[in-house]
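Okay, structure first, notes after.
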Amino acid sequence: MGFACSSLILPQISVAVTLSNSRTLKMQTGRQSHQNKHQIDTLCQLPLEPMEYCRRWVTHEPGRNYCKACINVIAEVTGTSPKTVKDWGTEFHRRPKYVTRILRQADLINQFKQLVVKGIITLPSDFPQE
C-alpha cells in the first residue's frame with residue numbers, strides 16, 4: 001500500500017518544479033539548488049496532524065470503517081502497530097510529536113508520486129524501481 005491509501009486527493013500545497021523540455025525533473029546546481037533545498041527542508045519540518053493526513057489520503061468508502069482505515073494507514077506510514085495508533089485517541093491527540101513530521105514527509109512523497117503518475121515529472125531511467 002505504500003504511503004497512499006485507495007484513491008488520492010491532491011492537497012492544497014503548491015510546489016514549484018523545474019522541468020526540462022523533455023518533461024524530466026531537472027536538478028539545479030549552485031545557489032539555486034541551495035535555495036530549493038532550503039524551501040523543501042522547511043516544508044518537511046511543518047507538522048501534519050494525523051486527522052489532516054487522513055482527510056488527504058484516506059477515502060471514505062461505503063461499508064468500510066473510516067476510522068479503522070485511518071488507523072491502519074497511519075500505522076503503516078509511521079511503522080507502529082495499529083493498536084499503538086488506536087491508543088492515541090479518537091482524534092489522535094495523544095500521538096508522539098515525531099509522528100507529525102513523518103506524516104508531513106509521507107504527504108510530500110504522496111504528492112510527488114501523483115506528479116509522476118500524471119506524467120508531470122518523469123523519473124530518470126536509473127531511478128530505483130522499488
Side-chain angles (χ1 to χ4, degrees):
M1 186 170 6
F3 287 117
C5 180
S6 33
S7 67
L8 303 176
I9 302 165
L10 189 60
Q12 296 184 1
I13 297 174
S14 15
V15 178
V17 178
T18 304
L19 300 172
S20 70
N21 290 338
S22 65
R23 311 225 10 113
T24 301
L25 183 62
K26 187 176 183 181
M27 303 305 282
Q28 302 277 333
T29 57
R31 183 173 170 81
Q32 183 67 31
S33 175
H34 177 71
Q35 289 172 345
N36 287 342
K37 183 179 183 300
H38 176 69
Q39 291 169 351
I40 296 294
D41 287 343
T42 300
L43 187 58
C44 284
Q45 300 306 312
L46 295 176
L48 183 64
E49 291 296 333
M51 288 306 297
E52 180 63 23
Y53 186 85
C54 287
R55 280 190 286 279
R56 292 177 183 200
W57 301 109
V58 180
T59 303
H60 285 275
E61 294 178 12
R64 185 174 178 211
N65 184 328
Y66 180 73
C67 183
K68 185 175 181 177
C70 286
I71 289 169
N72 289 333
V73 168
I74 291 169
E76 183 177 346
V77 169
T78 60
T80 57
S81 74
K83 182 191 178 316
T84 298
V85 175
K86 187 175 182 180
D87 289 344
W88 296 342
T90 55
E91 297 281 319
F92 309 110
H93 293 300
R94 292 190 301 271
R95 52 90 185 120
K97 187 176 180 179
Y98 74 87
V99 166
T100 61
R101 291 174 109 188
I102 291 173
L103 293 176
R104 171 64 67 191
Q105 292 170 3
D107 176 60
L108 291 169
I109 290 168
N110 286 342
Q111 291 180 61
F112 185 80
K113 286 163 76 174
Q114 282 186 329
L115 294 172
V116 172
V117 167
K118 291 179 179 181
I120 296 170
I121 295 175
T122 303
L123 298 175
S125 58
D126 62 346
F127 196 81
Q129 299 300 311
E130 292 273 328

query = So which pairs with a foot in residues 77-90 pass salt bridge (charged side-chain N to carboxylate O under 4.0 Å, His left out), sequence neighbours left out?
reply =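 For residues 77-90, and leaving out neighbouring residues, the salt bridge (charged side-chain N to carboxylate O under 4.0 Å, His left out) pairs sorted by first residue read Lys83-Asp87.
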
dist Glu49:CD -> Arg55:CZ (nearest 0.5 Å) comes out at 9.5 Å

One should read off an interatomic distance between Gln111 CD and Arg56 CZ, to the nearest 0.5 angstrom, of 6.5 Å

Problem set entry | Minimum heavy-atom distance Cys54-Cys70, with the two atoms named |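 Minimum heavy-atom contact is SG-SG, 2.8 Å.
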
Scanning both residues in full, the closest heavy-atom pair of Ala69 with Arg64 reads CB-NH2, 3.3 Å

Any side-chain heavy-atom pair of [X] and [Y] under 4.5 Å:
{"X": "Gln114", "Y": "Asn110", "answer": "no"}
{"X": "Thr100", "Y": "Leu48", "answer": "no"}
{"X": "Leu103", "Y": "Phe92", "answer": "no"}

Problem set entry | Single-linkage hydrophobic cluster Leu123~Val117, side-chain heavy atoms < 4.5 angstrom |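 No, it is not one cluster - the side chains of Leu123 and Val117 are not joined through contacts under 4.5 Å.
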
Is Tyr53 reachable from Tyr98 through a run of I, L, V, M, F, W or Y residues, each pair having side-chain heavy atoms under 4.5 Å apart? yes

Original post:
Do Thr78 side-chain atoms and Ile74 backbone N/O form a donor-acceptor pair below 3.5 Å?
Top reply: yes

Check: Taking Arg95 for the side chain and Trp88 for the main chain, is one N or O donor matched with an acceptor at less than 3.5 Å?
Finding: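 No, the answer is negative, given that no donor and acceptor are paired below the 3.5 Å cut-off.
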
Check the pair Glu76, Asn72 against side chain to side chain donor-acceptor pair (under 3.5 Å), reporting the backbone distance first and the verdict last.
CA-CA 6 Å; Glu76 183 177 346; Asn72 289 333; over 6 Å; no

By ring pair (Phe, Tyr, Trp, His ring centres under 6.0 Å), His60 pairs with (sequence neighbours left out) Tyr66

